[in-house]
Protein chains: 2
Amino acid sequence: MAENPPQDPGARSRRSRPLHVADAIKDWVVERGLQPGDRLPGEAELIDRFGMAKGTIREAMRLLQAQGLIETKTGPGGGSFVGEVTRERASALLGNYFYFRHVTIDDIYQVRIALEPLLAGSLAGRLSDAQLGELEAIMEAYAEPAADAEEERRQHVASLRFHARLSDFGGNALLGFFIGFMAQILTDLTVYKRLYTTPNHDLWEKGRQHQIDLIAALRSGDSARAKAVMRSHMEMARDLMEAQQAEVLKRFIAE
Amino acid sequence: MAENPPQDPGARSRRSRPLHVADAIKDWVVERGLQPGDRLPGEAELIDRFGMAKGTIREAMRLLQAQGLIETKTGPGGGSFVGEVTRERASALLGNYFYFRHVTIDDIYQVRIALEPLLAGSLAGRLSDAQLGELEAIMEAYAEPAADAEEERRQHVASLRFHARLSDFGGNALLGFFIGFMAQILTDLTVYKRLYTTPNHDLWEKGRQHQIDLIAALRSGDSARAKAVMRSHMEMARDLMEAQQAEVLKRFIAE
DNA sequence: TAAGATTTGTTCGTATGTATC
DNA sequence: GGATACATACGAACAAATCTT
């Protein structure tokens, strides 16, 4: 794990005890190369290992828990365990960073237009039938044009799930996370801020056709075409959402 | 702030009390539209507002503190305050997500090659003389070819700072964070894993020339050229680092 | 099903540390 | 330096969850 912030001399002792304990435990996990699911020392042991009160130790554990680094269970066989940070939690934590910042729809699409085609191109000819099938299953949610605004919103969320799922299939975890994060932000905007487009049969038709073409290109292994189709798809989506003029994302996080 | 994870019926009560309190405080901040620096209720008030013990409240505050959402100060006038999540902390928290995942140099550069030229292109003609001067000042660190491996490493870190700084100058906070995060990862790899290139005068010359050309293009407002130069620069950097065959990033986080 | 063991979760009272006036 | 207002830390007890028998 990462070392901690710059420490002016004497800072070590000024640093709160829970922080100190949390750091020590992180170091301990890294040094031993512990893996998710591995057991950590129990409260009782930590108490006398560090010579601190129970409350102090527990505060340290909460610091780690909030970061998704540990999980705790009660009862026999319970205790603290190394936890794998989930994509959802990482998204939520990163979302906090943008809470007080100004991020526009255009900002998001500038990045999406650069990354989504890249992913699509790299995935051509590399997806299993099961994966392609799963994408097609998601598309069922918008097989028919939306009748009202509410359904339009549901369809939009489903189409974002299409992209999120696609981002899971690539071998590049970094690229996958970035793309999934943006899909998450847009989903939040759609659901939470009730941002939606009034049903428009023409756009529905075009968007759906894009995804059908995309699937075909992915299946046949036509990388260049997958990339081009995705790019068109993104540009259309951007124009669509920009029309809404909704801008910021005002959302915080999970635990 | 974001709502919390899916709640099966009854989960509300099973959720630990610190978690419940942390959620409530997040909601409170969002509802009132509090800004960084704004005061939160003191321990005493929270204790009787929620009807819980001090320890419980304190654990809740640690959950929020770890996410960078609050800061606390002791003494008169002290207490808890809404905190702005810093870029450094967000990077560190996100870094944890990748700790147990496999991220290769190639993964990083695949994304860098897509995003850095985008940023460079959008910045052409938009930087102040002060900003351009700052970039040039960073370049001073590698005005001369490195004499040994240690200096080579320092130069590499400086050149990454060049990119990190550039990412701050753009108006797109999302794009800026992604680029800065990758620069951070590469810096960690360079410093922490002692990944470095043996000094190579030819490559040093080419890399430096790229950045000089880039500055010139940025200054003159030649967007297409800035983009092209950055792309060449990234491709060279990728080849350089790939030769090291260093792969994973093994690093955790700060507090 | 029930009882017991184990481990985290929560409370309360008290004392200490720290920064401001 | 002393008083004040806050967070920080301690320790002992009790509650709740969950596994085993």
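Every chain is numbered from 1 and lettered A, B, ... according to where its sequence line falls, protein lines coming before strand lines.
When heavy atoms are screened at a 4.0 angstrom cut-off, A:Gly55 is found touching no nucleic acid atom at all. Across all strands shown, B:Gly77 has no heavy atoms under 4.0 Å from either base or sugar-phosphate atoms. Residue A:Arg17 is in sugar-phosphate contact alone, with no base atom involved, counting any heavy-atom pair closer than 4.0 Å across all strands shown.
Atom-to-atom, CE of B:Met61 to P of D:dC6 comes out at 14 Å; the value is rounded to the nearest Å. If you take NE2 of B:His20 and C1' of D:dA16, they are 18 Å apart, rounded to a whole angstrom. Rounded to a whole Å, the CZ atom of A:Arg62 is 11 Å from the P atom of C:dT8. A:Met52 places its CE atom 15 Å from the C1' atom of C:dG17, with the value rounded to the nearest Å. Nucleotide D:dA5 holds its C1' atom 13 Å from the NZ atom of B:Lys54, rounded to whole Å. Rounded to an integer number of Å, the gap from CZ of B:Arg15 to P of C:dG9 is 14 Å. Whole-Å rounding puts the A:Ile70 CD1 to C:dT8 P distance at 10 Å. Spacing between atom CZ of B:Arg58 and atom P of D:dG11 amounts to 15 Å, rounded to whole angstrom units.
The pair B:Arg58-B:Glu43 meets the salt-bridge criterion, with a side-chain N (NZ, NE, NH1 or NH2) lying under 4.0 Å from an Asp/Glu carboxylate O. Salt bridge annotation for B:Glu59-B:Arg62: absent, with no cationic side-chain nitrogen under 4.0 angstrom from a carboxylate oxygen.
With sequence neighbours left out, the side-chain contact (heavy atoms from CB on, under 4.5 Å) criterion links A:Asp107 to A:Val103, A:Thr104, B:Asn172. For A:Glu71, the salt bridge (charged side-chain N to carboxylate O under 4.0 Å, His left out) criterion is met by no residue, not counting sequence neighbours. Listed by chain and number, the residues in a salt bridge (charged side-chain N to carboxylate O under 4.0 Å, His left out) with A:Glu151 amount to none (sequence neighbours excluded). Legend: residues meeting side chain to side chain donor-acceptor pair (under 3.5 Å) with A:Asp106, ordered by chain and number and at least two apart, are absent.
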| task | Dot-bracket notation for DNA chain D is requested: 5' to 3', Watson-Crick or G-U wobble pairs only, both distances under 3.5 Å, with ( ), [ ], | and . as defined. | result | .||||||||||||||||||||
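Note on B:Thr72: a side-chain N or O is less than 4.0 Å away from OP1 or OP2 of D:dT8. Look at B:Ser16 and you won't find any side-chain N or O under 4.0 angstrom from OP1 or OP2 of C:dT8. Within the structure, every side-chain polar atom (N or O) of B:Thr74 is placed at least 4.0 Å from both OP1 and OP2 of D:dA5.
Between the side chain of A:Ser91 and the main chain of A:Glu88, no donor-acceptor pair closer than 3.5 Å is present. A:Thr187 places a side-chain N or O within donor-acceptor distance of the main-chain N or O of A:Ala183, the cut-off being under 3.5 Å.
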| task | Go through A:Arg15 and A:Asp23 one step at a time and tell me if the salt bridge (Lys or Arg N to Asp or Glu O under 4.0 Å) criterion holds. | result | CA-CA 11 Å; A:Arg15 238 175 139 60; A:Asp23 287 348; 3.5 Å; yes
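Contacts between residues 39-48 of chain B and DNA chain C, defined by a heavy-atom separation below 4.0 Å, involve no residue at all.
Mapped onto DNA chain D by nearest heavy atom, A:Gly51 and B:Gly75 fall at different nucleotides, with B:Gly75 at the one closer to the 5' end. Heavy-atom distances to DNA chain D give each of B:Pro76 and A:Ala53 a nearest nucleotide, and the one nearer the 5′ end belongs to B:Pro76.
The minimum heavy-atom distance linking B:Tyr97 with B:Arg101 is given by the pair O-NH1, 2.8 Å.
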